[in-house]
Structures are given as structure tokens and as C-alpha cells.
Amino acid sequence: MFTPRARAAGVVAVLTIVTAACGAAPSTQQTTQASQGGVNAATATSAADFGGLDKLVEAAKKEGNLHVIALPPDWANYGEIIEKFQAKYGIKIESETPDAASADEINAVKTRKGQDRAPDVLDLGQSFAISGAAEGLFAPYKVQTFDKIPEGQKEPTGLWVNDYGGYVSIGCDAKQIKTCPTSFADLLKPEYKGKVAMNGNPTKAGSAFAGVYAAAIANGGSFDDIQPGIDFFKKLKDAGNYNPVETTPATIEKGETQISIDWDYNNAAYAPQMAAKGIDWKVNVPSDGKYFQMYAQAINKDAPHPAAARLWQEYLYSAEGQNLYLKGFARPVLLPAMTADGTVDKALAAKLPAVEGEPEFPTTEQVDAAKAKLAAGWDAAISG
């Protein structure tokens, strides 16, 4: 999540941007907050450790703040999620650098340890969640709905847990593009010269990384072989079709990014926003490269507001929080369980972009290998 994202609901929370100097001194706030009521919030692994959810709410309210990073209000409906959380619990959310990438989140955890301005929670591309957990940066925590989350969508102790996801898709300004592309193969056509953009740099941004992975699948690669995806973007660049401008709602409105490879929930959420500006934004999941991936939540092991961080997780994985993701066209991790127990908003689920077949997921080892391969070859492919 690296650029602001449009949402169908059109609700944008007013966020407090943290502007503390990079050299801010470490704080003792975490120590004083972590042991409220005899409970060490910083080591709590479930709401039960607080004596139940109500006690967790009390502890979080005493802390009074939650510091988040890299949560654009127009991405997966985070603006409304933030707004509703603040209204429900009276906890002020400080949202810093909403356009940051997953790599920036990891860096903030490392460089701001012991500071009030360290991020309490993280929303990460899965490869970054896996690597961050391996580095010992996160705290284990199991939300109350943990057992309903499918295996493979969570680290067993709760160091990271997938929260929402989507398919790689191709968005297109149908008023400027005569025939919108429906496959990766289409993107190489000469009529798309200088028009094919992405949402960020794939070595830093999860959505762009997924775009290269999807291109690999479309060109004879696999979860074990991302090289064809790197080769595809080199061909795209050599053909003059690759547009290095990072897609945002503003670049679409200005006509700077008329075709964009991005998550389907981002592209789908653009459509109503752009319609109001006279732009007909169409969305297609590429026929030759279906790739689905989820983002993950994690709690900073050294979170300055450890109780609020854990309450935030409980909210996101509640039926209310999951349906709010759905409102932003994202596919919540608890969608199957909520469909079964009747807590899903059926009207919102019906608006998701249609995709045939069941999604397949790469393993941790496959993602790690693909990430390393991409890091080694991307710059040469695009700059060469």
C-alpha cells in the first residue's frame, strides 16, 4: 500500500500526520503504558491475558493513541476503518506517511525503536511480513477470531496474520484507450506505447511485486520462477510501453497513467471516483496471469502503545472490520467463515470483481526466492 487509493464509499477520515523530527529522542512511554492494571500489554498474546476484550479496551483507552504508517485512506477502505475505530473507542490514530511502502514500514520499526513515533502496527505485503517475523520484529498475538482464519493465512503464533487481499488486475481509462487490455500479452501492443504503469517499484511495493509475479505466470513462469515476469517488463520497456510514473488517483485524473497494473480492489475502487470526474475506468483480471495475494497485519514488538495495537487487531478481524475491508472491494481473510455464519454483507460481496476458479498461493519459500530474484534483476531489466 504505497499510494492513496479510491474507495466506493467516498468516506475519507481526517488523519493526524506525525511530523516529529527524525532525531526525536527515545521515550519511556512504552514502559509506563505496558503494565497498566498489572497486565503487561507488550507481552500479551490474546485478549484473555487482559481479562477479556472489555479489559483490553480499558487498557487501550488509557494509552489513548495508536500510531500507524503506510495506510492510505483510499486503500482497502482504510479511511473509513480509521474513522470508525476512533469513533468507537475514542482512541486517536496518528497516521504517518500514508504513501510509504512495506519496506519503509520495516525500516521505521528498526530505526525508531524506543520512540513514541515508532509504528504500533504494520500492514505489509506478505513477503515483508514473513521476513520481518524472521528478523524478530513482531509480537505474537492471536485475535479472538484467530481459529477461523484459514491455515496458511497466518503464522501459527500470530506474529503475522493475513487480513485482506485481491487479484492483480489491469485498470484502463476507456475514454482514452480505444480497446482496453484484458491480458498481459495485450500490454505489448504498439497502441499502448508509454501507457502501462504500476503502483510502485516491485522491489519495495507489494502490489508491484505481485504484478511481476502475475506477468511471470502469464509468460510460462510459475511460483518457482519469476524470471519470465522480469523478462516481460524488460520487453515492455524496450517496446516503449512501460510508463515509470507511479499510479495515483491524481495521475489517472491527469491522464498520466491511462493503464495501470494494480490490485483489483484498488482499480475497482477507482471506478466510481473517476466516474464523477468524467473518466470511465474499466477493470480486468488478466486472462493469462491470475495472481491472488493477501496483505498481513503485524504488531511491532516494541510498540509504544501495545494495548491499542492489540485492540486495533481485534477490530480489523471482527465482522465489522472485515466488512469494512469488503466495502473497499478488498477480499477479507474471514470471508469464507463470515459467509458460512451469515455475518458477511452480501450486497458488498456481490460487488467484487468476478474471477473464475479458486486462488492458489505461493509458499513462504517461493515468495522469498522470487523476492531475491527480483531484487537482483529488476533494475537492470528496467534501466538497461
Side-chain angles (χ1 to χ4, degrees), residues 1-2 15-34 40-45 60 63 65-72 75-76 78 82 91-143 154-155 157-163 200-201 203-207 209 294-316 364 367-368 371 375:
M1 46 236 87
F2 317 100
L15 306 181
T16 301
I17 305 300
V18 179
T19 56
C22 292
S27 168
T28 59
Q29 184 176 359
Q30 180 181 333
T31 302
T32 59
Q33 290 177 337
N40 188 346
T43 60
T45 59
E63 291 177 351
N65 291 280
L66 179 74
H67 188 193
V68 303
I69 185 173
L71 296 186
W75 176 289
Y78 264 122
I82 289 171
I91 295 170
K92 180 181 178 182
I93 292 183
E94 299 170 324
S95 181
E96 181 185 356
T97 321
D99 298 351
S102 293
D104 299 321
E105 296 183 70
I106 295 295
N107 184 59
V109 169
K110 294 177 178 178
T111 60
R112 301 180 186 181
K113 183 176 180 179
Q115 299 181 24
D116 288 349
R117 57 194 294 267
D120 289 302
V121 289
L122 303 146
D123 184 291
L124 300 156
Q126 195 170 56
S127 63
F128 292 93
I130 292 168
S131 62
E135 291 184 71
L137 302 179
F138 309 146
Y141 186 80
K142 294 184 179 182
V143 293
K154 56 191 177 185
E155 193 279 331
T157 67
L159 287 173
W160 59 261
V161 183
N162 286 344
D163 45 359
N201 183 318
T203 64
K204 298 179 180 180
S207 58
F209 169 79
M294 303 199 86
Y295 278 78
Q297 282 288 322
I299 297 173
N300 181 358
K301 182 178 66 175
D302 300 303
H305 310 101
R310 285 155 176 78
L311 181 59
W312 173 252
Q313 303 297 296
E314 295 288 356
Y315 183 71
L316 293 182
T364 299
V367 170
D368 285 345
K371 186 177 175 182

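Computation of the quantities below employed the complete heavy-atom set of this structure, encompassing side-chain atoms and omitting hydrogens, waters and symmetry-equivalent molecules.
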Calculate, to the nearest 0.5 Å, the distance between atoms [atom1] and [atom2] belonging to [X] and [Y] respectively.
X: Asp120; Y: Glu63; atom1: CG; atom2: CD; answer: 7.5 Å
X: Tyr295; Y: Leu124; atom1: OH; atom2: CG; answer: 9.5 Å
X: Trp160; Y: Ser131; atom1: CH2; atom2: OG; answer: 11.5 Å
X: Asp163; Y: Lys154; atom1: CG; atom2: NZ; answer: 14.0 Å
X: Ile106; Y: Thr111; atom1: CD1; atom2: OG1; answer: 11.0 Å
X: Glu96; Y: Asp104; atom1: CD; atom2: CG; answer: 10.0 Å

How far apart are the closest heavy atoms of [X] and [Y], and which atoms are they?
X: Tyr78; Y: Gln297; answer: OH-NE2, 3.2 Å
X: Pro140; Y: Thr157; answer: CB-O, 3.4 Å
X: Ala118; Y: Asn300; answer: CB-ND2, 4.1 Å
X: Ala41; Y: Ala307; answer: CB-N, 3.8 Å
X: Ala108; Y: Ile69; answer: CB-CD1, 4.0 Å
X: Ala296; Y: Ala129; answer: CB-CB, 3.8 Å

Asn65 vs His305, side-chain hydrogen bond (donor to acceptor under 3.5 Å, both in side chains): CA-CA, chis, key distance, verdict
CA-CA 7 Å; Asn65 291 280; His305 310 101; 4.7 Å; no
For the side chain of [X] and the backbone of [Y], is there at least one donor-acceptor N/O pair under 3.5 Å apart?
X: Arg310; Y: Thr45; answer: no
X: Arg117; Y: Arg112; answer: no
X: Lys301; Y: Gly136; answer: yes

[Y] side chain reached by [X] side chain, heavy atoms, under 4.5 Å:
X: Trp75; Y: Ser207; value: yes
X: Leu122; Y: Val109; value: yes
X: Ile82; Y: Trp312; value: yes

Cation-pi check, Lys204 to Phe128: give yes when NZ or CZ is under 6.0 Å from the six-membered ring centre and within 45° of the ring axis, no otherwise.
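No - Lys204 does not lie over the ring of Phe128 by the 6.0 Å and 45° rule.
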For side-chain contact (heavy atoms from CB on, under 4.5 Å), just list the numbers for Leu311 and Ile91, CA-CA rounded to whole Å, side-chain angles, deciding distance to a tenth of an Å, and then say yes or no.
CA-CA 10 Å; Leu311 181 59; Ile91 295 170; 3.8 Å; yes
Before giving the answer on side-chain contact (heavy atoms from CB on, under 4.5 Å), spell out for Asp123 and Val68 the whole-Å C-alpha distance, their side-chain angles and the decisive distance to 0.1 Å.
CA-CA 9 Å; Asp123 184 291; Val68 303; over 6 Å; no
